[in-house]
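Since the model is a prediction, treat every value here as computed from it, not as a measurement. As a basis for the values below, the full set of heavy atoms in this structure was taken, side chains included, without hydrogen atoms, waters or symmetry mates. Below, chains carry the letters A, B, ... as their sequence lines are ordered, and counting in each starts from 1.
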Amino acid sequence: MSDEVRVRFAPSPTGYLHVGGLRTALYNYLFARRSGGKFVLRIEDTDRSRYVPGAVEMIVESLRWAGLDYDEGPEAGGPHAPYFQSERLAHYREAADRLVASGRAYPCFCTAERLLAMRKDRQKDQQSTKYDRFCLRLSPQEVEARKAAGEPFVIRMRIPDERAVVVSDIVRGRVEFGTDVLDDQILLKSDGYPTYHLANVVDDHLMEITHVIRGEEWLSSTPKHVLLYRYFGWDPPRFAHLPLLLGADRSKLSKRQADVAVSDYRTQGYYPEALVNFVALLGWNPGYDRDFFALADLVSEFSLERVGKSGAIFDLEKLRWLNAEYLRRRSPSELLDELKPLLAEKGVAGFGDAHLLRIVELMRERITFVREILEKAGWFFADPTEYDAETVTKRWRPGSRDLLLRLLPVVEAESSFDAATLETAVKAFSDREGVKVSDLVHPLRLACTGMGAGPGLYALMETLGREACERRIRKAVETLK
RNA sequence: GUCCCCAUCGUCUAGUCUGGCCUAGGACACCACCCUUUCAAGGUGGCGACACGGGUUCGAAUCCCGUUGGGGACACCA
């Protein structure tokens with residue numbers, strides 16, 4: 001039991017799930033599943049001012065969409081419930097008291113204004129902006145008096161002097177920090193809520209977390225956490241700090257540079273398996289040549305040893321490619337099921353499954369998202385209302401109108417309106433009249449679709465049907481000079 | 001500014017720990033050609049990188065030092 005791997009993903013409910021968070025969650029999930037351990041979801045809601053209603057639901061929903069099921073956490077419950085830090089305040093309070101009692105922490109009455117002024121001063125003198133320990137010099141009597149007077153105070157951890165703290169990290173190896181650069185971090189805020197540092201350490205211990213897998217932005221506060229474990233007399237977990245996800249400008253991926261919410265990608269039509277596959281490969285690789293990984297494959301292949309050290313740019317281009325790949329792996333009937341609700345949404349009705357299936361088959365090689373069937377080939381569902389100007393210039397020749405007018409009765413005369421018959425008829429016509437096939441085909445496409453690009457002409461005409469094609473050809477001949 | 005991390009094609013990366021098999025491999029993107037009535041998809045080929053400088057060594061992308069560059073952290077936010 002005690003050697004069971006236990007990891008956690010610990011987001012704070014300040015909004016949506018960030019794609020960087022998704023990757024962190026994924027690696028935790030993979031590591032847990034790979035080692036037969038437990039994956040815990042813990043909500044770090046210790047900042048009341050940043051709490052966003054509905055955020056927890058959004059995060060849980062995104063995790064579920066991605067297929068990352070957790071063993072313990074909100075809704076799921078578990079032996080270490082509650083999994084909301086706001087409901088665990090007593091634990092932090094007690095931990096802070098222990099630290100104060102042992103001299104590892106102390107109350108501080110400094111106001112925000114004083115702190116600000118102090119930092120400004122120290123910065124001016126080119127000193128670090130650490131707390132100046134003003135309140136460490138307070139006498140016990142004075143502390144009691146001010147507490148009794150109801151003065152608000154925080155609890156700060158006391159960083160030891162002249163020592164080095166070594167963080168041993170699975171990804172980065174040994175990292176050493178001098179305690180002289182560490183700040184007397186606030187552990188308990190004046191509202192009685194803990195800061196991240198206290199709550200995180202206390203909960204990771206209480207929840208028996210064995211491996212802390214989180215973003216690199218936490219590396220520089222890890223020595224404080226290591227110190228806290230030592231103060232409490234607890235065994236620290238193993239740490240693994242993941243390389244950051246970067247924007248195009250190589251700074252930490254943020255809203256400024258791209259869509260960062262998992263839900264954004266979902267609404268844009270990305271598949272969860274594409275996003276998961278993509279994000280898995282940002283900072284990790286299997287060590288051999290392979291691009292496609294289902295979640296189950298990742299579980300069997302993942303290891304923290306193969307996680308890289310340098311940040312990775314979140315490159316939409318590759319994500320899009322992956323999505324198109326996954327789309328092509330879907331069967332036409334699966335794609336049909338995805339298309340139907342989109343059609344309903346747009347109020348497109350009156351098309352049978354067989355007909356829609358045909359459209360899907362013609363479009364699947366040409367799209368990255370199912371919704372693009374509507375965006376790039378809306379003419380399947382309604383007559384074109386305009387003709388692409390560039391294509392008109394390029395493909396609609398002086399003789400086109402005449403040619404189509406003469407071709408129309410030939411096509412109408414055919415007993416069957418299928419691609420093969422159509423092709424034969426058009427080619428025969430071109431031979432007989434001594435015109436190039438392309439002089440027929442391009443104007444025909446323009447007439448039927450209003451565009452210059454798309455599926456094969458004969459197949460598309462067959463799908464459109466005799467009436468629609470005739471109607472569209474007549475209209476084009478009328479409209480285009 | 002201080003501390004910490006990082007450094008292979010434009011991007012994701014293999015190779016680095018355990019120096020030689022690397023005239024550095026793959027994927028995305030890009031370019032060309034093939035296929036083709038168009039656009040895709042597919043096929044073939046191409047462009048394209050070990051940041052720089054010192055060392056160690058018979059030999060360095062790989063080890064060491066430095067420089068430069070980039071990033072992160074320095075809140076009663078996580």
Side-chain angles (χ1 to χ4, degrees), chain A residues 10-14 44-47 49-50 108 110-112 115-116 119 122-123 126-130 152-156 167 169 171-173 175-178 180-183 185-197 199-200 214-223 241 243-244 246 248-252 278 281-291 305 308-322 324 328 363-367 376 391 394-395 423 426-427 430 436-442 444-446 449 451-458 460:
Chain A
S12 56
T14 54
E44 311 226 323
D45 55 348
T46 55
D47 184 355
S49 65
R50 292 209 313 158
C108 168
C110 290
T111 61
L115 258 18
L116 214 60
R119 284 194 198 105
R122 293 179 61 112
Q123 204 154 42
Q126 299 254 22
Q127 291 179 21
S128 87
T129 54
K130 288 194 307 181
F153 65 96
V154 302
I155 300 295
R156 285 180 183 273
V167 173
D169 188 277
V171 174
R172 316 210 169 242
V175 184
E176 192 175 311
F177 298 82
D180 52 327
V181 301
L182 266 28
D183 199 359
Q185 190 65 235
I186 291 178
L187 297 177
L188 210 59
K189 300 182 253 187
S190 55
D191 63 3
Y193 279 66
T195 59
Y196 173 87
H197 308 281
N200 195 262
R214 76 224 310 188
E216 191 189 347
E217 68 265 35
W218 292 112
L219 185 57
S220 43
S221 45
T222 305
H241 286 93
L244 260 18
L246 275 23
D249 65 354
R250 290 217 151 266
S251 67
K252 197 164 120 181
F278 176 63
L281 261 7
L282 252 27
W284 172 87
N285 75 82
Y288 58 92
D289 192 27
R290 177 172 173 183
D291 297 308
E305 283 64 41
K309 296 174 173 50
S310 42
I313 292 178
F314 192 90
D315 178 23
L316 257 326
E317 208 63 60
K318 194 152 191 177
L319 208 209
R320 289 175 54 84
W321 167 75
L322 261 175
R328 279 176 221 120
M363 291 304 294
R364 61 187 302 211
E365 300 292 306
R366 285 161 242 271
I367 53 173
K376 297 170 99 165
T391 310
K394 196 171 162 199
R395 304 294 194 187
E423 181 164 9
V426 170
K427 289 208 165 130
S430 97
K436 285 189 286 185
V437 175
S438 63
D439 285 338
L440 297 168
V441 147
H442 293 303
L444 267 179
R445 169 184 299 284
L446 183 60
T449 71
M451 310 185 77
L457 177 69
Y458 307 113
L460 135 202

> Step by step, would you call A:D47 with A:Y196 a side chain to side chain contact (heavy atoms under 4.5 Å, CB included)?
Replying inline: CA-CA 9 Å; A:D47 184 355; A:Y196 173 87; over 6 Å; no
> Nearest to the side chain of A:S251, which nucleotide is it out of B:C76, B:C12, B:G72?
Replying inline: B:G72
> Do the non-hydrogen side-chain atoms of A:P455 and A:R364 ever get within less than 4.5 Å of each other?
Replying inline: no
> Does A:R119 put a side-chain nitrogen or oxygen below 4.0 Å from OP1 or OP2 of B:A75?
Replying inline: yes
>> Measure CG/A:L182 against P/B:A75 and give the value in whole Å, please.
In response: 12 Å
> So does A:K309 get a side-chain nitrogen or oxygen closer than 4.0 Å to the phosphate oxygens (OP1/OP2) of B:U16?
Replying inline: no
> For atom P, what is the distance between B:U18 and B:G1, given to the nearest Å?
Replying inline: 36 Å
> What is the base-pairing partner of B:A73, counting Watson-Crick and G-U wobble geometry with both distances under 3.5 Å?
Replying inline: B:U2
> Roughly how many Å is it from CH2 in A:W218 to C1' in B:C74, rounded to a whole number?
Replying inline: 13 Å
> Which value, in whole Å, describes the distance between the P atoms of nucleotides B:A7 and B:C12?
Replying inline: 12 Å
> With respect to the side chain of A:V175, which nucleotide from B:U11, B:C4, B:U38 is positioned closest?
Replying inline: B:C4
>> Suppose you measure atom C1' in B:G26 against the same atom in B:A14; what distance do you get, rounded to whole Å?
In response: 7 Å
>> Between C1' on B:U37 and CG on A:L460, what's the gap in Å once rounded to a whole number?
In response: 12 Å
>> Under 4.0 Å, heavy atoms only, any strand: does A:L282 hit a base, just the sugar-phosphate, or nothing?
In response: sugar-phosphate
> A:G456 near the nucleic acid: base, sugar-phosphate alone, or nothing, with a heavy-atom cut-off under 4.0 Å?
Replying inline: base
> Starting at CD of A:E365 and ending at P of B:C35, how long is that distance when rounded to a whole Å?
Replying inline: 19 Å
> Is there a donor-acceptor pair under 3.5 Å between the side chain of A:K130 and the backbone N or O of A:D180?
Replying inline: yes
> At under 4.0 Å between heavy atoms, what does A:Y458 touch on the DNA or RNA strands: base, sugar-phosphate, or nothing?
Replying inline: base
> Is B:A32 paired to anything, Watson-Crick or G-U wobble with both distances less than 3.5 Å, and if yes, which nucleotide?
Replying inline: B:U44
>> Is A:N285 close enough to B:U13 that one of its side-chain N or O atoms is under 4.0 Å from OP1 or OP2 there?
In response: no
>> So A:R364, base contact, sugar-phosphate only, or nothing? Heavy-atom distance under 4.0 Å.
In response: nothing
>> Quick check against the 3.5 Å criterion: does A:D45 have a side-chain atom that pairs as donor or acceptor with the backbone of A:P13?
In response: no
> With a 4.5 Å heavy-atom cut-off, do A:K394 and A:H442 have their side chains touching?
Replying inline: no
>> Could you tell me how far B:G72 sits from B:C34 if I compare only their C1' atoms? Round to whole Å.
In response: 49 Å
>> Roughly how many Å apart are B:U68 and B:G54, using the C1' atom of each and rounding to a whole number?
In response: 14 Å
> Which one, B:A29, B:U37, B:G72, comes nearest to the side chain of A:W321?
Replying inline: B:A29
> Which base, if any, makes a Watson-Crick or G-U wobble pair with B:A51, both distances under 3.5 Å?
Replying inline: B:U67
> For RNA chain B, whose closest nucleotide is more 5', that of A:G452 or that of A:V171?
Replying inline: A:V171
> Closer than 4.0 Å, any side-chain N/O of A:K318 to the OP1 or OP2 of B:G10?
Replying inline: no
> For the side chain of A:S220, counting heavy atoms from C-beta on, which of B:A78, B:C39, B:G72 is nearest?
Replying inline: B:G72
>> With rounding to the closest Å, how many angstrom separate the P atoms on B:C28 and B:G45?
In response: 14 Å
>> Tell me whether the side-chain N or O atoms of A:S190 pair up with the base of B:C76 as donor and acceptor below 3.5 Å, since no angle test is needed here.
In response: yes
> Is there a side chain to side chain contact (heavy atoms under 4.5 Å, CB included) between A:L244 and A:E216 once you walk through the steps?
Replying inline: CA-CA 6 Å; A:L244 260 18; A:E216 191 189 347; 3.9 Å; yes
> When we call it a touch if two heavy atoms are under 4.0 Å apart, what does A:P286 touch: a base, just sugar-phosphate, or nothing?
Replying inline: nothing
> Which of the following nucleotides, B:A73, B:A29, B:U2, is nearest to the side chain of A:E317?
Replying inline: B:A29
>> Side chain of A:D315 only, heavy atoms from C-beta on: which candidate in B:A29, B:A78, B:U11 is closest?
In response: B:U11
>> Side-chain N or O of A:T46 versus OP1/OP2 of B:A78: is the shortest distance under 4.0 Å?
In response: yes
>> What is the distance, to the nearest angstrom, from the CZ atom on A:R250 to the C1' atom on B:C6?
In response: 10 Å
>> Students often mix this up, so state it plainly: with edges at 30° and 60°, are the rings of A:H197 and A:W218 parallel, tilted or perpendicular?
In response: perpendicular
> For the pair made of CZ in A:R445 and C1' in B:U37, what is the distance, rounded to whole Å?
Replying inline: 7 Å
> Using purine N1 to pyrimidine N3 plus N6-O4 or O6-N4 for Watson-Crick, or N1-O2 and O6-N3 for G-U wobble, each under 3.5 Å, what pairs with B:A24?
Replying inline: none
> If you pin A:V441 and A:W284 to their nearest nucleotides in RNA chain B, which one's is more 5'?
Replying inline: A:W284
> What nucleotide, of B:C5, B:U37, B:C12, holds the atom closest to the side chain of A:I313?
Replying inline: B:C12
> If we take the C1' atom in both B:U67 and B:C6, what is their distance in whole Å?
Replying inline: 16 Å
> Taking the C1' atom of each, how far is B:A24 from B:C65, in whole Å?
Replying inline: 25 Å
> Which listed nucleotide (B:G71, B:C28, B:A41) is nearest to the side chain of A:L244?
Replying inline: B:G71
> Where the side chain of A:K252 is concerned, which of B:U38, B:A73, B:A78 is the nearest nucleotide?
Replying inline: B:A73
> Please give, in whole Å, the distance from B:U36 P to A:H442 NE2?
Replying inline: 14 Å
> Separation of A:M363 atom CE from B:U38 atom P, in whole Å?
Replying inline: 17 Å
> Is A:K376 reaching over with its side chain to a backbone N or O of A:R366, donor-acceptor style, under 3.5 angstrom?
Replying inline: yes
>> Check this for me: does the side-chain of A:R366 come within 3.5 Å of the base of B:C39 through a donor and an acceptor?
In response: yes
>> Under the criterion side chain to side chain contact (heavy atoms under 4.5 Å, CB included), I'd like the reasoning laid out for A:V441 against A:L444: C-alpha separation, chi angles, the key distance, then a yes or no.
In response: CA-CA 5 Å; A:V441 147; A:L444 267 179; 5.5 Å; no
